[in-house]
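We're numbering straight along the sequence, starting at 1.
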Amino acid sequence: GLRMAELLLELFSEEIPARMQSRAREDLARLLGEKLKAAGLDFSEIRTFATPRRLTAVVDGLPKRSPDISEEKKGPRTDAPEQAINGFLKGAGLKSIDQAEIREDKKGSFYVALIEKPGRETADVIAEIVPEIVRNFPWPKAMRWGAGRLRWVRPLHSVLCVLDGKVVDFDVDGIESGNRARGHRFMAPKTFAVKGFNDY
């Protein structure tokens with residue numbers, strides 16, 4: 001069978017007001033779940049954690065890539081006006097009507113497009129959706145800082161993002177993702193590399 005992968009995401013910032021932490025956990029879980037599902041990625045569960053300076057999510061049971069999808073799109077009748085046929089081609093992403101099949105039913109013959117969507121590497125999907133989530137996160141109050149456009153509840157310092165032990169590379173307004181976590185500000189301020197939730 002397919003070995004499943006774990007995603008570990010930590011957004012590390014200045015102190016988050018305590019009253020905002022549990023709502024932020026719920027929002028992070030919901031947004032991650034919605035965007036993973038929209039990309040065709042199933043998972044077994046999402047757990048989230050918050051401390052004053054970090055918002056963390058662990059997603060278990062992710063596949064290494066999203067499945068290939070093939071779907072059929074029923075189009076207009078073959079004798080439909082050209083405008084309708086062109087609209088169908090555009091909607092189905094076909095270059096010419098030769099790429100569609102012709103099928104018959106009681107009412108006559110009509111076009112059918114077979115649309116193949118190849119799966120994507122899960123890491124590529126995550127590299128796309130995490131920056132979107134961070135940029136559009138629904139904080140009740142958010143601030144901008146420095147010269148950046150990014151808004152976060154308090155200045156964001158680092159983003160840890162590891163899938164199946166490997167860093168998922170992306171950049172959110174100049175903050176590059178990595179695999180370094182840090183401990184308590186005073187007790188263990190040094191950063192250390194993590195491969196997954198157990199290390200973390």
Side-chain angles (χ1 to χ4, degrees), residues 2-69 71 117-145 148-182 194-200:
L2 280 172
R3 207 166 56 74
M4 291 299 177
E6 171 200 87
L7 171 69
L8 173 64
L9 172 67
E10 177 199 71
L11 302 162
F12 186 86
S13 67
E14 308 268 324
E15 270 76 0
I16 302 166
R19 65 179 187 282
M20 295 185 189
Q21 288 170 19
S22 66
R23 162 83 188 278
R25 284 179 53 183
E26 287 165 21
D27 286 332
L28 182 59
R30 174 177 57 81
L31 293 166
L32 260 178
E34 284 170 2
K35 288 186 181 288
L36 288 168
K37 287 203 174 88
L41 290 168
D42 283 326
F43 51 87
S44 49
E45 68 165 337
I46 297 183
R47 292 170 286 159
T48 53
F49 307 90
T51 73
R53 301 175 71 202
R54 63 194 94 218
L55 189 55
T56 301
V58 187
V59 185
D60 288 310
L62 281 165
K64 288 300 185 55
R65 52 181 297 134
S66 62
D68 299 336
I69 297 170
E71 53 182 356
K117 287 184 189 161
R120 295 175 63 199
E121 293 293 321
T122 298
D124 294 343
V125 174
I126 289 166
E128 206 170 87
I129 70 181
V130 172
E132 287 172 8
I133 290 173
V134 173
R135 290 196 184 103
N136 302 306
F137 203 80
W139 291 109
K141 281 198 176 93
M143 58 188 275
R144 286 170 201 210
W145 65 93
R149 291 192 317 276
L150 182 65
R151 294 167 75 251
W152 197 246
V153 63
R154 292 289 181 271
L156 188 62
H157 288 299
S158 67
V159 176
L160 176 147
C161 191
V162 178
L163 177 71
D164 199 36
K166 295 182 199 68
V167 174
V168 178
D169 283 314
F170 56 87
D171 162 311
V172 187
D173 291 16
I175 298 169
E176 288 188 17
S177 58
N179 65 347
R180 313 283 307 171
R182 64 195 84 192
V194 295
K195 277 199 155 65
F197 187 59
N198 286 347
D199 293 351
Y200 182 76

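- Counting only residues at least two apart or on different chains, no ring-ring contact (aromatic ring centres under 6.0 Å, His included) pair has a member in residues 158-182.
- Residues meeting the side chain to side chain contact (heavy atoms under 4.5 Å, CB included) test with P17, sequence neighbours left out: R19, M20, V153, R154.
- At least one side-chain heavy atom of L28 sits less than 4.5 Å from a side-chain heavy atom of I133.
- To the nearest 0.5 Å, the span separating CG on L163 from CG on L8 amounts to 10.0 Å.
- Contact annotation: the side chain of V159 approaches that of L9 to within less than 4.5 Å [non-hydrogen atoms, C-beta and beyond].
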Exercise for review: For R53 and E14, run side chain to side chain contact (heavy atoms under 4.5 Å, CB included): C-alpha distance rounded to whole Å, both residues' side-chain angles, the deciding distance at 0.1 Å, then the answer.
Suggested key: CA-CA 5 Å; R53 301 175 71 202; E14 308 268 324; 5.6 Å; no

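- Residues meeting the side chain to side chain donor-acceptor pair (under 3.5 Å) test with E121, sequence neighbours left out: R65.
- Considering only heavy atoms from C-beta on, L11 comes within 4.5 Å of V134 through its side chain.
- Checking each of V172, I126, D169 against C161 for a side-chain contact (heavy atoms from CB on, under 4.5 Å) leaves exactly one that passes, namely I126.
- For K166, the side chain to side chain contact (heavy atoms under 4.5 Å, CB included) partners are D164, not counting sequence neighbours.
- A127 approaches P131 most closely through the heavy-atom pair O-CD, 3.1 Å.
- The heavy-atom pair separating A39 from V125 by the smallest distance is CB-CG1, 3.5 Å.
- The shortest heavy-atom contact between A181 and V194 is CB-CG1, 4.3 Å.
- For E71, the side chain to side chain contact (heavy atoms under 4.5 Å, CB included) partners are I115, K117, not counting sequence neighbours.
- Remark: T56 engages Y200 in a side chain to side chain donor-acceptor pair (under 3.5 Å) (not counting sequence neighbours).
- For the salt bridge (Lys or Arg N to Asp or Glu O under 4.0 Å) test, residues two or more places apart in sequence or in another chain that qualify with R120 are E128.
- At distances below 3.5 Å, not a single donor-acceptor pair connects side-chain atoms of S66 with backbone N or O atoms of L41.
- Contacts of F137 classified as ring pair (Phe, Tyr, Trp, His ring centres under 6.0 Å), with partners at least two apart in sequence or in another chain: W139, W152.
- Residues passing the side chain to side chain donor-acceptor pair (under 3.5 Å) test with T48 are R25, sequence neighbours excluded.
- Contact between P138 and D27 at its shortest, heavy atoms only, is CG-OD2, 3.5 Å.
- For the atom pair CZ of R54 and OG of S13, the computed distance is 9.5 Å after rounding to the nearest 0.5 Å.
- Ion pairing between E34 and R30 holds under the 4.0 Å rule for side-chain N and carboxylate O.
- M4 CE to T122 OG1: the interatomic distance, rounded to the nearest 0.5 Å, is 9.5 Å.
- Atoms CG and CG, on L62 and D42 in that order, are 9.0 Å from each other to the nearest 0.5 Å.
- Shortest non-hydrogen contact noted between L32 and A57 is CD1-CB, 3.7 Å.
- The line from OG of S177 to CG of L160 is 9.0 Å long, rounded to the nearest 0.5 Å.
- Qualifying side chain to side chain contact (heavy atoms under 4.5 Å, CB included) partners for D60, counting only residues two or more places apart in sequence or in other chains: E6, S44, E45, R47, V58.
- Partners of E176 according to the side chain to side chain donor-acceptor pair (under 3.5 Å) rule, which considers only residues two or more places apart in sequence or in another chain, do not exist here.
- The distance from atom CG of N136 to atom CZ of R151, rounded to the nearest 0.5 Å, is 10.0 Å.
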